[in-house]
Structures are given as C-alpha cells and as structure tokens.
Amino acid sequence: MNGQPDNDTVTSEDTLPEQMRVRREKRERMLASGIEPYPVSLPVTHGLGQVRAENPDLAPDTSTGRIVGVAGRVMFLRNTGKLCFATLRAGDGAELQAMVSLKQVGEEALSAWKADVDLGDHVFVSGEVITSRRGELSVLVDEWRMASKALRPLPVAHKDLAEETRVRQRYVDLIVRRQAAETVRTRSAVVRSLRESFHERGYLEVETPMLQTLHGGAAARPFLTHSNAFDIDLFLRIAPELYLKRCVVGGIERVFEINRNFRNEGSDSSHSPEFAMLEFYEAYGTYDTMAVLTRELVQEAATRVFGTQVVTLADGSEYDLSGEWASLTMYESLAEAVGEEVTPETPAERLRTLAASHGLDLAGGGAKLGHGKLVEELWEHLVGSALHEPTFVRDFPLETSPLTRQHRDKPGVAEKWDLYVRGFELATGYSELVDPVVERERLREQSRLAAAGDEEAMQLDEDFLRSLEYGMPPSGGTGMGIDRLLMALTGLGIRETILFPLVRPE
RNA sequence: GGGGCGUUAGCUCAAUUGGUAGAGCUGCGGACUUUUAAUCCGUAGGUUCUGGGUUCGAGCCCCAGGCGCCCCA
C-alpha cells in the first residue's frame, strides 16, 4: 500500500471516491438512454497523425471540405458554452483538436457532449477538417460518439506521476508521460536494429529453453520451479549459453538469441530479477572479433535509432559511442591502480591486504574468496566504476571463467573481456572453451564449489559435455543485456527501460 | 543485512513549537461560439499507510509493522 484508499477492492458504490462514482453514473445514464459507452466498432477513416500529414500548413480559418472520422483519447477539454474544444491524442502521440459547435451538432448532441465526456475518455468524431481562427488543425464535428468511457480520472497531465505509481501502473504512465511512451518505442527500435545487424551478417535467431533441468551457463543464483507432468524440479534459466553452444556444435555457426534470463538476486538501479539478454556465437570467431562485432552492434543501433553515435542522455549530457573504443587489461590496470605488481601468481592473502588498504570492505575480509574473485572485486572497486568512456577490459582470471578458453599466450588468464560503459558492465565476450576434457575438469570444480555451498556455482551438465565431445569449432561468444544497452543509449535507469518491472504486490 | 528519507483529497504537493488539515489541477453547479494546462463565479472532496502508546489535544512525539526511494555492505 502506498497510502491511497484501496479503490481496487472497493465493492460498494457509495464508498467510491466522488470522481469515480460520477463516471460510473455517466456510464449508467448512457446505457439507460440507449447509448453504447463501449461500442464494438466505429467508422474511423483516418488516424490523427494521418489527418495532420495530409493537411499541412493550412492558414487559419481554412475549410478543406474533407470529411474524416477519427478517434482518440480526450486529453484536454476547453468549453466556451456553445463551442467545445477537445484535444484528442492517439497512442502514437499524435494529437488533433475536435471542435463541437452548437451550430453543427445541435442542442442535444452538444449538451450530451458536455454531460458525458470526461478527460481520459476515448471518443470518435466525424466532420470536416478545418483550422480554427488561431490556426489549430481541427475536426469540425458533425457527429460524435463515445468510443470507450473511462471510469477512473486521468492524473494531471502536466506533472509526472510519483515514481512508484509510474512503475506499478505503467499504463497510466504511458498515457500521461510522453517520455514513457517514447522509451517503449526506443527499446523496440533498438531490438529491431540488433536483429537487422545480425541478419546482415548471416546469423540465425533461435529460441532455446528457458525452463532448464540443470543450473549453468553463468554464475548466478537461479529461480526454482517444478513440472507437474514430469514431476521434476526445473530452473528458470540464468543464461542460454550452454544451449547456444549446442547449436554451434550442430552446425548453426552464427547464432543469436534475444530472450529473458532470470536471476534470484537483489534488485536495484541496475539489476532486475528478470532481464532481457542477447547472446551470440560465431564459429571461427575469437574474443577479438566479438569485440569488434559488439561495438558495431551498439554503434549501428545508435545510428539507426538516433541518427548519431553521439547520443544524448536523459540528464541532457552527450555520450560519444563513435570510433574505436579504449581497451585495457585487468591485471595491468589493477597493478597500476594499486601501485604494485599484480599477476595471476599474486597470492590471495596479498590481495586481501590490498583490498583492506584500499577501503574495500569485503564480507569476512574476503576470507572466503579465492584469487580470481578477489582480483575482480578489487578491479571493479578501483578501476571499473571509474571508467566513463566505452572500454573493453580484457584477460580475466581463469578460475572465475569456467566456460572460457585459456589465453593463447598468458598463463592463468582467460580470453574474456567485459565492456564497460559509463561505469557499468554492458557486455561480456569470450574465446569459448571447446576442449571437452578441460571443460569437464572446469565443471567438476564448479560442482565441487556448489556442493560446498556456493549458490552461484554451476552444475555438471553431461549432455552439454557430450555435445562438445562431438566437436565444437573454435568460436567466439558474447552476452549483452538489452536493458543495459537501453541504459547506455539513453541514460535511463533500469526500471525506466523495463515496461513492467517486478514490484512487491500492493 | 545496516543506515537515512518518504508515505496527507482522484493526481501533484503544502501544513510554524503538539492546537479547527490546505493549494493547484481534476470533479460537481453556473456564465461564455475560436480555445490551446481556456477564463470567470460558486461548490464538493480526507480512516493524514496500518496497529498500539504518550497527551486535555497527535499529520507532527514514542513503539511495532507495511510499502517505496537513496546510500552502504
């Protein structure tokens, strides 16, 4: 509850707020006089935007002779007695004014308009396209009908809803706040751009299981569910990785999937329990070629959606995504930050000391963490969060990258990068580990960690290993959060980029 | 997990030290045939998130809880 009377569970009419009671009474009154407040169909001939497009640049007080039938939601009402103005808005944001004049519609239709139409109602009007004396493109109404009577009052259209109401009642947010509707369009355009970029490169889009029998593909805590038919427990997937690799084994050598992942972890301004994920794999690719492709995907999305690779963020600042992106390695940049040598041989104990002396407050002083986790935590704290420009961070500790190939030259390091944008992780790419024997060893170690209580550790997936034993071509793989990509391109928070984020029930 | 802040009319928000809970928009009634968040006159609308406590008196103070936001881990 957030303080309002709980209108949704009110059953008795006389306890409703006045404004809701009045609208229900209007509906009843219309029904009683034989007027349908929710007609099945209306003779719409034009969209609101279409009328605008077909009647550009008319001088004030013009009559066009063109008759149209249009419908839209009433956003503003201006009533001067014998002449009523209404601003109708369509779902795409197009607006058109309706003018209901006594002279045109007569006494009865005019007073019905005044009595029945509220802000927020959908109405249909037909009449001639004209401009008013002030030059506003309008429909001079010959006939009007209710298209759908709204029973709840529209919030004030001039102020944003409170944050919580925006998220809980996104449908209202979408009606009232242009930016909310715009974000939905931007997201759709970005996803479309990704698909186009992949199709141009000969990739196939697939859909792999979201209900999985084993927990694997990433380090994260899963949601658990149950199949009644099979009487087995199932995991909501934390990643599609192990199935997409099966695809590559099977000969789908350029493959991508855009779908939901679920992680049973905290939710904050950059994490959501369910989030849209893009993963893509390319036979004979490496983490170097995947970095190039990832940059191109982001740049092509920016160009297609905004027409520029210098995007304007929600706070008005500009962010440059163009050109080549910076690149650094994890161990070297960390060594520079702490002022002493850090390598895959640096003992965990030394890393714990460094963490303490740099104000990194790890649980239990990091006693439970091994070398790899400590390096990543230190790096994130000292380097990652300060990276503003788009930057590839390369060559991660091998032990925390169980699905990644050992670096071709550097011992103890994996061919893995993370892409950082404005201080958060946008994507991660690999030269994939395809040796089934090494992979089995890595997954055995993971299952030992899981048995020891690590809830993020993977289970050993025999069928996945079997697939590798048939031979997977050397491949590059990448994952990128769609919600994160929207954040990168727009500067919005994750709750703004997700239409209906999970919220605790009212 | 810890700390801080918030929760008041349909919506967005006020309310001095503890002393009759207000405004704008919205709604309702009225005036107005060219408005652009129309304007003008009148008017209604409240379990101040919930439960308990202190007090002559609580939106405000105390305790417990709900929900949300921010910071830290």
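When reading the values below, keep in mind they use all heavy atoms of this one structure, side chains included, and skip hydrogens, waters and symmetry mates. Residue numbering restarts at 1 for every chain, and letters A, B, ... go by the order of the sequence lines.
- Salt bridge annotation for Glu399(A)-Lys373(A): absent, with no cationic side-chain nitrogen under 4.0 angstrom from a carboxylate oxygen.
- Remark: Gln179(A) CD is packed, more than 12 non-hydrogen atoms of other residues, nucleotides or ligands lying under 6.0 Å away.
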Could I get a table of every N or O pair under 3.5 Å where one atom is in the protein and the other is in nucleotides 3-6 of chain B?
none

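- Looking at heavy-atom distances under 4.0 Å, Asp61(A) makes no contact with the nucleic acid at all.
- Picking from G27(B), U36(B), U34(B) the nucleotide with the shortest atom distance to the side chain of Asp118(A) gives G27(B).
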Distances for protein N or O near nucleotides 23-26 of chain B N or O, under 3.5 Å:
unit_1	atom_1	unit_2	atom_2	d
U26(B)	O2'	Gln19(A)	OE1	3.2
U26(B)	O2	Gln19(A)	NE2	2.4

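- The nearest whole Å value for the distance from the CD atom in Glu136(A) to the C1' atom in A37(B) is 14 Å.
- Sorted by first and then second residue, the pairs that involve residues 380-401 of chain A and meet ring-ring contact (aromatic ring centres under 6.0 Å, His included), not counting sequence neighbours, are Tyr319(A)-His388(A), Trp325(A)-Phe392(A), Phe392(A)-Trp417(A).
- A salt bridge does not link Arg73(A) with Asp121(A): none of the charged nitrogens is closer than 4.0 Å to a carboxylate oxygen.
- Within residues 97-107 of chain A, the residues approaching RNA chain B are Gln97(A), Met99(A), Ser101(A), Leu102(A), Lys103(A), by heavy-atom distance under 4.0 Å.
- Closest-nucleotide positions on RNA chain B for Thr80(A) and Gly135(A) were compared, and the one nearer the 5' end corresponds to Thr80(A).
- Legend: ring-ring contact (aromatic ring centres under 6.0 Å, His included) pairs involving residues 19-73 of chain A, not counting sequence neighbours: none detected.
- If you find the closest nucleotide of RNA chain B to Leu140(A) and to Ala162(A), the one lying nearer the 5' end belongs to Ala162(A).
- Looking at Glu496(A) and Arg166(A), a side-chain N of the basic residue comes within less than 4.0 Å of a carboxylate O on the acidic one, giving a salt bridge.
- Summarising the local packing, CD of Glu336(A) is surrounded by 12 or fewer heavy atoms from other residues, nucleotides or ligands at distances under 6.0 Å.
- With salt bridges taken as basic N to acidic carboxylate O contacts below 4.0 Å, one links Arg178(A) and Glu95(A).
- Note on Lys26(A): only backbone sugar-phosphate atoms sit closer than 4.0 angstrom, heavy atoms only; bases stay farther off.
- Residue Arg495(A) is classed as a sugar-phosphate contact, given heavy-atom separations below 4.0 Å to backbone atoms only.
- Looking at residues two or more places apart in sequence or on another chain, you find a side chain to side chain contact (heavy atoms under 4.5 Å, CB included) between Pro155(A) and Leu161(A), Val172(A), Val176(A).
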